Colleague: 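The structure follows.
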There are 2 protein chains.
Amino acid sequence: MKWNDIGNQTCSVARTLAIVGDRWTLLVLRNAFLGTRRFEDFQQHLGVTRHVLASRLKRLVEAGVFRKDAYQPNRHEYRLTEMGLALYPVIMAMAHWGDTWLDEGKGAPLVYRHRPCGQLTTPTLVCSECGEPLDPRQVTPLAGPGLSPGTLPRPLPEAG
Amino acid sequence: MKWNDIGNQTCSVARTLAIVGDRWTLLVLRNAFLGTRRFEDFQQHLGVTRHVLASRLKRLVEAGVFRKDAYQPNRHEYRLTEMGLALYPVIMAMAHWGDTWLDEGKGAPLVYRHRPCGQLTTPTLVCSECGEPLDPRQVTPLAGPGLSPGTLPRPLPEAG
DNA sequence: GACCGCGCGTTTCTTTTTGGAACCCGTCGT
DNA sequence: ACGACGGGTTCCAAAAAGAAACGCGCGGTC
């Protein structure tokens, strides 16, 4: 199966990965959340080749994750749209996993202050309904309205 | 910069991506959370080539994300470890982003029941301290204990 | 106990995608 | 008018992915 076919699957994870599913794209996004906006800055900070960076930025702009703002004739800044900002939980979930499981005893490279409450925060995934942290063993996936048959490893009950 | 060099950066996202940062790995994990455990099932359901699947599973086992349990001599199941289960927020964040921004008007393919509270849940990233949803514009990254100098696009204040 | 098929890979070969480095081109400052 | 800079594109070699066939131990079956 090829890259673009993946995006056509009936799976939200697959469709998401068709846009952001490679390491450079996700690193570009992480830097965007740290304030990077320009081609040259992404390139130098990440060490990605210009070739690959150009193709990734192009894809992200086409997908609507970045907006390309001219700050001078022929020079642009790549800025996160609302759609792009909505990827924050993905990046933070990865950062937190790395902090927790791969820190090599040195502690997290970055910590985060949540300005509204003033505290250093640990980003936590919770249930929208009861507010408790989500444990995969306590969550049952159900067939939703957009599911086509045969796309799952096993049959699932209907949502209700 | 090459793949493995990325994992040595002082950045939790980069280290995380060195393990799970390609589309097939993340799709393997998504299926693992849906209950898939065997090589043949991953292969057939995802359509990934056997070659690539074998290399991804190998990396995930070496990293400690999967455990390889023999269920017969010479046959194994790949099961998520605690470390692997901890990737749930990453997968759910991607699923939710896809549901929200890429659903093509058909609705989510899957919905999720949180058994402890009984409700259909929307996984939400909140501040561990105040419980409010995290908005990237309201979070200030600070230098943490594990930060080496020069790894950031711009200088950052110290945590404290 | 020979045969068949399954699960789980490995091998081989071809096609895509990266990495690396040079090159291009319009604008800006001087 | 001239050089430097930002933001790419082009070219070639190296690495990774796709496709399909092959290997091999085990378990069931006659």
Side-chain angles (χ1 to χ4, degrees), chain A residues 1-9 14 17-28 31-32 35-63 66-79 153-154, chain B residues 1-9 14 17-29 31-32 35-63 65-79 153-154:
Chain A
M1 187 177 314
K2 305 263 185 65
W3 231 84
N4 284 343
D5 301 334
I6 290 175
N8 297 327
Q9 279 192 271
L17 289 173
I19 297 174
V20 302
D22 70 287
R23 63 181 170 296
W24 289 124
T25 300
L26 287 160
L27 286 172
V28 164
N31 265 42
T36 304
R37 294 177 177 174
R38 299 190 183 174
F39 189 96
E40 212 65 20
D41 294 337
F42 283 117
Q43 200 276 314
Q44 288 189 25
H45 189 68
L46 294 176
V48 60
T49 61
R50 313 175 71 72
H51 183 52
V52 170
L53 178 58
S55 86
R56 294 304 180 274
L57 289 172
K58 183 156 177 273
R59 182 162 69 219
L60 291 170
V61 169
E62 283 168 1
F66 276 129
R67 182 166 22 100
K68 202 169 169 177
D69 280 3
Y71 67 96
Q72 269 182 16
N74 272 15
R75 304 206 179 172
H76 317 91
E77 290 190 328
Y78 293 91
R79 308 190 58 167
R154 59 184 61 196
Chain B
M1 188 179 308
K2 306 266 185 65
W3 231 84
N4 284 342
D5 301 332
I6 291 175
N8 297 327
Q9 279 192 270
L17 289 172
I19 297 175
V20 302
D22 71 289
R23 61 182 173 293
W24 289 124
T25 301
L26 286 160
L27 286 172
V28 163
L29 286 167
N31 265 40
T36 303
R37 293 177 178 175
R38 299 190 184 173
F39 188 96
E40 212 65 19
D41 294 336
F42 282 116
Q43 201 276 313
Q44 288 188 26
H45 189 67
L46 294 176
V48 60
T49 62
R50 314 174 73 72
H51 182 52
V52 170
L53 178 59
S55 84
R56 294 305 180 274
L57 289 171
K58 183 156 176 268
R59 182 164 68 219
L60 291 170
V61 169
E62 284 168 1
V65 170
F66 277 129
R67 183 166 20 100
K68 202 169 169 177
D69 280 4
Y71 67 96
Q72 268 182 20
N74 272 16
R75 304 206 179 173
H76 317 90
E77 290 190 327
Y78 293 91
R79 309 190 59 167
R154 61 185 60 199

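Numbers restart at 1 for each chain; the letters A, B, ... are given by sequence-line order, proteins then strands. From a predicted model like this one, the values you see are computed outputs, not experimental measurements.
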Colleague: Across the strands shown, which category fits A/Phe42 at heavy-atom distances under 4.0 angstrom: base, sugar-phosphate, nothing?
Modeller: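 Touches nothing.
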Colleague: Residues two or more places apart in sequence or in another chain: which of them pass salt bridge (charged side-chain N to carboxylate O under 4.0 Å, His left out) with A/Arg67?
Modeller: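 Partners of A/Arg67 under the salt bridge (charged side-chain N to carboxylate O under 4.0 Å, His left out) test: A/Asp69.
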Colleague: Taking side-chain contact (heavy atoms from CB on, under 4.5 Å) as the definition, give me every residue that meets it alongside B/Arg50, ordered by chain and number, with sequence neighbours left out.
Modeller: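 By the side-chain contact (heavy atoms from CB on, under 4.5 Å) rule, B/Arg50 matches B/Phe39, B/Glu40, B/Gln43.
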Colleague: Of all the choices, D/dT10, D/dG18, D/dG8, which nucleotide is nearest to the side chain of B/His51 once you look at every atom?
Modeller: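 In terms of side-chain proximity for B/His51, the closest of D/dT10, D/dG18, D/dG8 is D/dG18.
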Colleague: What does the B/S/- profile of nucleotides 23-30 of chain C look like, 5' to 3', with a 4.0 Å heavy-atom cutoff to protein?
Modeller: ---BBS--
Colleague: Phosphate oxygens OP1/OP2 of C/dC8: is one of them under 4.0 Å from a side-chain N or O of B/Tyr71?
Modeller: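 Looking at the OP1 and OP2 atoms of C/dC8, one of them is under 4.0 Å from a side-chain N or O of B/Tyr71.
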Colleague: Applying salt bridge (charged side-chain N to carboxylate O under 4.0 Å, His left out), can you list everything that pairs with B/Asp41, at least two apart in sequence or on another chain?
Modeller: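 Salt bridge (charged side-chain N to carboxylate O under 4.0 Å, His left out) list for B/Asp41, sorted by chain: empty.
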Colleague: Within the 4.5 Å heavy-atom criterion, are B/Lys68 and B/Leu57 side-chain neighbours or not?
Modeller: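 B/Lys68 vs B/Leu57: side chains apart.
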Colleague: Is A/Arg56 close enough to C/dT18 that one of its side-chain N or O atoms is under 4.0 Å from OP1 or OP2 there?
Modeller: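 Checking C/dT18 against A/Arg56, a side-chain N or O does come within under 4.0 Å of OP1 or OP2.
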Colleague: What is the distance, rounded to the nearest whole Å, between atom NE2 of B/His76 and atom C1' of D/dC26?
Modeller: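 Checked: the NE2 to C1' distance equals 12 Å.
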Colleague: Looking only at side-chain N and O atoms, does A/Arg37 come under 4.0 Å of OP1 or OP2 in D/dG6?
Modeller: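 Negative; the distance criterion is not met.
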Colleague: Please list, chain by chain and in numerical order, all residues satisfying side-chain contact (heavy atoms from CB on, under 4.5 Å) with B/Lys58, sequence neighbours excluded.
Modeller: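 With neighbours one apart ignored, the set is B/Glu62.
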Colleague: Check the distance between D/dG8's C1' and A/Arg59's CZ and give it to me in whole angstrom.
Modeller: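 Rounded to the whole Å, the gap is 18 Å.
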Colleague: Could you tell me whether the phosphate oxygens of C/dT17, OP1 or OP2, come under 4.0 Å of any side-chain nitrogen or oxygen in A/Trp24?
Modeller: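 Answer no for this pair, as no side-chain N or O of A/Trp24 is under 4.0 Å from OP1 or OP2.
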Colleague: Taking side-chain hydrogen bond (donor to acceptor under 3.5 Å, both in side chains) as the test, write out the residues that go with B/Glu77, two or more places apart.
Modeller: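 Counting only residues at least two positions away or on another chain, B/Glu77 forms a side-chain hydrogen bond (donor to acceptor under 3.5 Å, both in side chains) with B/Arg38.
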Colleague: OP1 or OP2 of D/dG8 sitting under 4.0 Å from any side-chain N/O of A/Tyr78?
Modeller: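 For A/Tyr78, the contact criterion (side-chain N or O under 4.0 Å from OP1 or OP2 of D/dG8) is met.
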Colleague: Here's a test of your reading of the structure: between B/Ser55 and B/Gln44, which maps to the more 5' nucleotide of DNA chain C?
Modeller: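 Comparing both residues, the 5'-ward one is B/Gln44.
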Colleague: Atom CD of A/Glu77 to atom P of D/dC5: distance rounded to whole Å?
Modeller: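 Distance check: A/Glu77 CD to D/dC5 P gives 19 Å.
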Colleague: Less than 4.0 angstrom between a side-chain N/O of B/Lys68 and OP1 or OP2 of C/dG9, yes or no?
Modeller: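 Yes, such a contact exists.
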